[in-house]
A.B. asks: 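Here it is, the structure, as C-alpha cells.
Sequence lines set the chain letters: A, B, ... in the order given, protein chains first and strands last, and positions in each chain run from 1.
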Amino acid sequence: MTGVKASLQRAVARALRGMGVDEPPEIDVQETPADKPGDYGTPVAFQLARVLRKAPPRIAAELAERIEPPEGVRKIETAGGYVNFFLDPAYLMQAALEPPEPAPKQGGKVLVEHTSVNPNKELHVGHLRNVALGDAIARILDYAGRKVEVLNYIDDTGRQSAESLFALEHYGLRYGGGKKYDHWVGEAYVRLHREMEDEAAKARLEPAIRAVLHRLEAGELRGEIEKLLAAQLETMWSLNAEYDVLVWESDLVREGLLQQALELLEATPYVSRPSGGKYAGALVMDTSAFIEGMEDPYLVLLRSDGTATYTAKDIAFQFWKMGLLSGLRFRPFTRQPSGRELYTSHPEGEPMPFGNAQETINVIDVRQSYPQQVLKAALEAVGRHDLAEGAYHLAYETVLLEGRPLSGRKGHTVSVDEVLEEAVRRARAVIAEKNPELAEADAVARTVGIGAVRFAMVKTEPKKQIDFRWDQALSFEGDAAPYLQYAHARAASILRKAAAEGLGDEPDLARATPYEVELAKALLRFPEAVQKSAELKTPHVLAQYLLDLAAAWNAYYNAKEDGRPATPVLTAPEGLRGLRLALVRQLKQTMATGLALLGIGAPEAM
RNA sequence: GCGCCCGUAGCUCAGUUGGAUAGAGCGUCGGCCUCCGGAGCCGAAGGCCACAGGUUCGAAUCCUGUCGGGCGCACCA
C-alpha cells in the first residue's frame, strides 16, 4: 500500500467514525478503471449497506460529504456506490518520485533453503526453476525487510552420490579436463544406470555401492563430493544465485543432530517401536493427529536394521533450522563472485549463529509435499505448533521439456549449462543484428540471455506446471526479461543524452499532463508489488508487475497526438522537461531494482 | 480408492483476503521510425472464466456437486 492509498484509507476511516462506524471493514482503495472518474476509489459503501441499513449510493454521498480531503486530494465524487478521489497531479508526481527503498529490517530471521541438488551430476532444467524461485524469493524478502539466510543442503550421504563415485571407480575413469567435472561424472552415473538395468548386474554391483555409501557416511569421500559441488556451484553462480551457508547431511549425523532429533521425538506419544506387525523393530511416528486422509499414518524414522530414513534426517535438519537442536560447526568455504562469503558446516569448524529461525521456506517441488507435511507434523509432535506454522513449503510444479516430462534415463533432459550457453548465444546474435556497435556486447549478451531464462522460470505461479520450450524461454520479445531490460536501456539512453547536453532543469511538478499521471501511478505500485510478493512468497507477483511497468513506460514513450510525439523528454519546455527526466530516472531505477530482486541484471544499453 | 493441486481467448498465462466493462504475450489481420533506441507502440478479430447448483447488493474469485487433467499415497530419496 503506497503512502497515497494509505492516506486515503485513513481519511475514509476517520469519516466513517464520524458516521458512527467505529469498527470499519478493511477499506479497499483501488485505482479507478481507465474511463471512470477520478484517480482512486473505494467501494466501502457497499460493504456498509447492511450495517447502516442504507443504500450504497446514499452512504457514498454522505461519505463524500464528510471526508476531510487529505493532502493532494482536490475533489471527491461519487459514482453509484463508489467514492472516487481526484488527486492533484503535482502531488502524485511528488509521491511517485520518492526513490524506491528497501523496507526497514524487522526482527526475526527467515531461512530459505533452495537448490539442494544431489552432488552427483550436473544441474538440469528441472533444477533451474528451484534456483530461480528460491534465489528470487530470498532477495524479495530481504528487500521487504526480513532478515534472510540462504541455505543449500548437501545430501552427501545419498545413494545418488554413492552411485556416481562408485561409477568412476568401477569404470576406472580419470578426469582429464575438457568437459566440466559435474558433466563428466554425470556421464559415468548414466553409464552405470544403463548397466544396472540388468537385474543380475545390479545385484552384483550392490555390495560395492553400499560400501561407497558407508565411506560417504563416514565422511571419507568428502573431497570427492567437494569437487562435484565446486563444479555445480559454478552453474549456480552463473545463474546469479549465491548462498550463505552449506549444510552437509553427513555433518548433521556426525554431530549427533539426528540422534538428538530422534530423542526429542521418542519422548512424545507419537513415536514408538512396534514389537509386531508390519513395522516390527522399526522406529515409527504416528502422523494421524496432524495429517489427514492417510491410509497408513505411520512413518518410518529408523528402519528395523537401525539405519535412518532420509525423512528422519530431514526432520533433524528442520529442527536444527528452527533452533531446536545445536551442535553444527562452520567455517568459510569459498568466496562467491559478488564477494559474499560462503560458509559450510564442517567437522573442524566452530559454532556460528546460523539457523535458529522462527520461519523457514523450503523450496522443493510439489511431489515432496507429503515429506514436507511430515516435517510440520514432527514439529507439532514435539509441541511446537508455533514453529510448524512458520515452516512454509514453497511447492512448485515440475518442469516439462518440450511438452514431455524430464527423464534423465531416457535422455530427455537438458543441462542448465547448456541452456545458458544457448541463451547467451542467441542474445549475442540478436545484438549483432540490432546493435552491432554495442560496447561490451559479450557481457550484455550474458545478462540478457541469463535474464531471459531466469524470468521464464519465475513469471508464472509456482503451482502451475511450466513447459520449457526453447523458443519461449529464450524469447526476446513480449512477456520476457529482455522486454524489461529494453525498457530500462531505453530510459538509460535518454538520461545519457540529457547528461551529454547538460540538461538539468528543475522539475516543475505542476506541469504534469495525464500522460505523466499514468506513468506515476504505475511507479507508485512498486512497493505494493514487492510487499505482496513477499507476503504470498512468490516472485511471480513482482515479475508480472514489472511487465506492467514496462508496458506503461513504453506506452508513455510512444504516446502520440495527431501523429506527433506527445511526450518528448529532451525537447520538452523547461520545467516539464525536468519533470519528465525525473520520471525517466525514477522508472529506470525502479526497473533495475525490480529486476535485481529477480536476480536479473539491467544493462545500460543492449 | 483416499488426499492435494489445476481447468480463464486458437496457444502460453495474469487477474482469486469477493468490487466498476475479465487483461497481457504469442499467433492472425491493419497501422506507426524526416521524432529521445521498432527487442517498441496503436488498433481489429478472438471469452456461457470446464459444467451445474448455492451464498451475496455484487462471484473468474467463496461453498457443494459433476466432468476433465496432473501429482502423491514404500522399512526410496
Side-chain angles (χ1 to χ4, degrees), chain A residues 26 28 30 32-36 41-47 49-50 55-56 79-82 84 118 155 158-160 278-284 291-296 298-305 307 309-311 313-314 365-371 373 395 397-398 405 427 430-431 433-435 448 459-461 463-467 469 471-472 475-480 482-487 489-498 535-536 540-541 543-545 547-548 550-551 553-560 563-565 567-572 580 584 605-606:
Chain A
E26 187 87 7
D28 182 23
Q30 51 197 232
T32 54
D35 51 1
K36 286 285 181 290
T42 176
V44 72
F46 291 97
Q47 291 161 272
R50 182 182 300 275
Y82 286 87
N84 292 333
N118 281 310
D155 180 12
R159 176 152 188 111
Q160 327 241 19
K278 188 176 167 189
Y279 298 114
L283 185 72
V284 300
I291 305 177
E292 282 177 39
M294 296 303 297
E295 196 175 318
D296 177 358
Y298 290 96
L299 180 99
V300 175
L301 299 171
L302 289 180
R303 304 184 185 95
S304 44
D305 67 3
T307 57
T309 58
Y310 180 86
T311 312
K313 295 175 191 174
D314 225 17
D365 81 67
V366 71
R367 291 171 300 186
Q368 309 255 8
S369 293
Y370 174 61
Q373 269 187 291
E397 258 295 348
T398 49
V430 174
I431 290 169
E433 182 203 327
K434 306 208 180 225
N435 196 356
V448 172
K459 76 173 173 188
T460 58
E461 241 182 322
K463 67 182 172 190
K464 294 231 163 108
Q465 192 166 59
I466 56 177
D467 187 4
R469 290 175 191 260
D471 286 335
Q472 281 170 19
S475 164
F476 296 144
E477 289 173 6
D479 262 341
Y483 175 74
L484 307 179
Q485 293 169 321
Y486 182 73
R490 197 179 227 179
S493 169
I494 293 174
L495 295 172
R496 266 195 308 275
K497 285 204 164 67
E535 260 172 39
L536 300 179
H540 89 278
V541 174
Q544 294 291 336
Y545 163 75
L547 290 169
D548 283 349
W553 159 233
N554 281 325
Y556 176 83
Y557 177 91
N558 280 300
K560 289 197 176 62
R564 313 190 73 86
T567 55
V569 177
L570 301 177
T571 56
R580 287 179 173 168
V584 172
M606 60 190 275

A.B. asks: Checking A/Arg580 against A/Tyr556: is there a side-chain donor and acceptor pair closer than 3.5 Å?
C.D. replies: yes

A.B. asks: Please compare A/Pro43 and A/Leu302 by the position of their nearest nucleotide in RNA chain B and report the one closer to 5'.
C.D. replies: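 Final value for this comparison: A/Pro43.
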
A.B. asks: Classify the nucleic acid contact of A/Lys459 as base, sugar-phosphate or nothing, counting any heavy atom under 4.0 Å across all strands shown.
C.D. replies: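 Nothing, no heavy atom under 4.0 Å.
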
A.B. asks: Would you measure the distance from the P atom in B/G46 across to the matching atom in B/A9 and give it in whole Å?
C.D. replies: 14 Å

A.B. asks: For each nucleotide in nucleotides 35-46 of chain B, reading 5' to 3', give B when a protein heavy atom comes within less than 4.0 Å of its base, S when such contact involves only the sugar-phosphate, and - otherwise.
C.D. replies: BBBSBBSS----

A.B. asks: So what does A/Asp155 touch, heavy atoms closer than 4.0 Å: a base, only the sugar-phosphate, or nothing?
C.D. replies: sugar-phosphate

A.B. asks: Between atom CE of A/Met606 and atom CD1 of A/Ile431, what is the distance when rounded to the nearest 0.5 Å?
C.D. replies: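 Nearest 0.5 Å value for the CE-CD1 distance: 7.0 Å.
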
A.B. asks: Checking contacts here: which listed nucleotide (B/A14, B/A24, B/A77) is nearest the side-chain heavy atoms of A/Asp479?
C.D. replies: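 Within the option list, the nearest is B/A24.
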
A.B. asks: Given the C1' atoms of B/C57 and B/G18, what is the spacing between them in whole Å?
C.D. replies: 12 Å

A.B. asks: Distance check, rounded to the nearest 0.5 Å: A/Gln30 atom CD versus A/Tyr82 atom OH?
C.D. replies: 6.0 Å

A.B. asks: Under 4.0 Å, counting only non-hydrogen atoms across every strand here, what does A/Thr32 touch: a base, just sugar-phosphate, or nothing?
C.D. replies: base

A.B. asks: Using heavy-atom distances to pick each residue's nearest nucleotide on RNA chain B, tell me which of A/His540 and A/Ser369 is more 5'.
C.D. replies: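 This one resolves to A/Ser369.
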
A.B. asks: Look only at the side chain of A/Asn554 and the backbone of A/Ala550, and say whether a donor-acceptor pair between them is shorter than 3.5 Å.
C.D. replies: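 Side chain of A/Asn554 to backbone of A/Ala550, a donor-acceptor pair under 3.5 Å: yes, one is there.
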
A.B. asks: When the distance from CD of A/Glu397 to C1' of B/C4 is rounded to whole Å, what number comes out?
C.D. replies: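 Atom CD in A/Glu397 sits about 11 Å away from atom C1' in B/C4.
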
A.B. asks: Measuring from atom CG of A/Leu495 to atom CG of A/Leu570, what distance do you get when rounded to the nearest 0.5 angstrom?
C.D. replies: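 A/Leu495 atom CG to A/Leu570 atom CG measures 8.5 Å (nearest 0.5 Å).
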
A.B. asks: Could you run down nucleotides 54-60 of chain B 5' to 3' and tag each one B, S or - for protein heavy-atom contact under 4.0 Å?
C.D. replies: --SB---

A.B. asks: Considering only the C1' atoms, how many Å lie between B/G37 and B/C33, rounded to the nearest integer?
C.D. replies: 10 Å

A.B. asks: With syn defined as a glycosidic angle within 90° of 0 and anti as the rest, where does B/C33 land?
C.D. replies: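 You should classify B/C33 as syn.
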
A.B. asks: Touch check for A/Lys36, heavy atoms < 4.0 angstrom, all strands: base, sugar-phosphate only, or nothing?
C.D. replies: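 Result for A/Lys36 = base.
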
A.B. asks: Of all the heavy-atom pairs spanning A/Thr32 and A/Gly41, show the shortest one and how long it is.
C.D. replies: CG2-N, 3.9 Å

A.B. asks: B/C73 C1' sits how many Å from A/Leu299 CG, rounded?
C.D. replies: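 Nearest whole value for this atom pair: 12 Å.
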
A.B. asks: Scan A/Asn84 against the nucleic acid and name what it touches under 4.0 Å (heavy atoms): base, sugar-phosphate only, or nothing.
C.D. replies: base

A.B. asks: Whole angstroms only, please: what is the CG-P distance between A/Leu301 and B/A74?
C.D. replies: 16 Å

A.B. asks: Taking the minimum atom-to-atom distance to the side chain of A/Arg367, which one of B/A77, B/G72, B/C75 wins?
C.D. replies: B/G72

A.B. asks: Using the P atom in both, what is the distance from B/C13 to B/C42, to the nearest Å?
C.D. replies: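 After rounding to an integer number of Å, I get 24 Å for this pair.
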
A.B. asks: Rounding to the closest angstrom, what is the interatomic distance between B/U64 and B/U28 at atom C1'?
C.D. replies: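 Pairwise C1' distance, B/U64 against B/U28, rounds to 41 Å.
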
A.B. asks: Does OP1 or OP2 of B/C71 have a side-chain N or O of A/Lys463 closer than 4.0 Å?
C.D. replies: no

A.B. asks: So, for A/Gln47 and A/Glu26, which heavy atoms are closest and what is the spacing to 0.1 Å?
C.D. replies: NE2-O, 3.7 Å

A.B. asks: So, for A/Leu547 and A/Ala480, which heavy atoms are closest and what is the spacing to 0.1 Å?
C.D. replies: CD2-N, 4.0 Å

A.B. asks: Within this structure, what is the CD-CD distance for the pair A/Glu461 and A/Glu397, rounded to the nearest 0.5 Å?
C.D. replies: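 Between atom CD of A/Glu461 and atom CD of A/Glu397 there are 11.5 Å.
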
A.B. asks: With P as the reference atom in both, quote the distance from B/A39 to B/A52 in angstrom, rounded to an integer.
C.D. replies: 46 Å

A.B. asks: Checking all strands, does A/Gln485 fall into the base, sugar-phosphate, or nothing category for heavy-atom contacts under 4.0 angstrom?
C.D. replies: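 Here A/Gln485 touches no strand at all.
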
A.B. asks: Can you check the distance between B/G40 and B/A24, where both ends of the measurement are the P atom (answer in whole Å)?
C.D. replies: 16 Å

A.B. asks: Do the ring planes of A/Tyr557 and A/Trp553 sit parallel (below 30°), tilted (30 to 60°) or perpendicular (above 60°)?
C.D. replies: perpendicular

A.B. asks: Mind checking who B/C13 pairs with, Watson-Crick or G-U wobble, both distances under 3.5 Å?
C.D. replies: B/G23

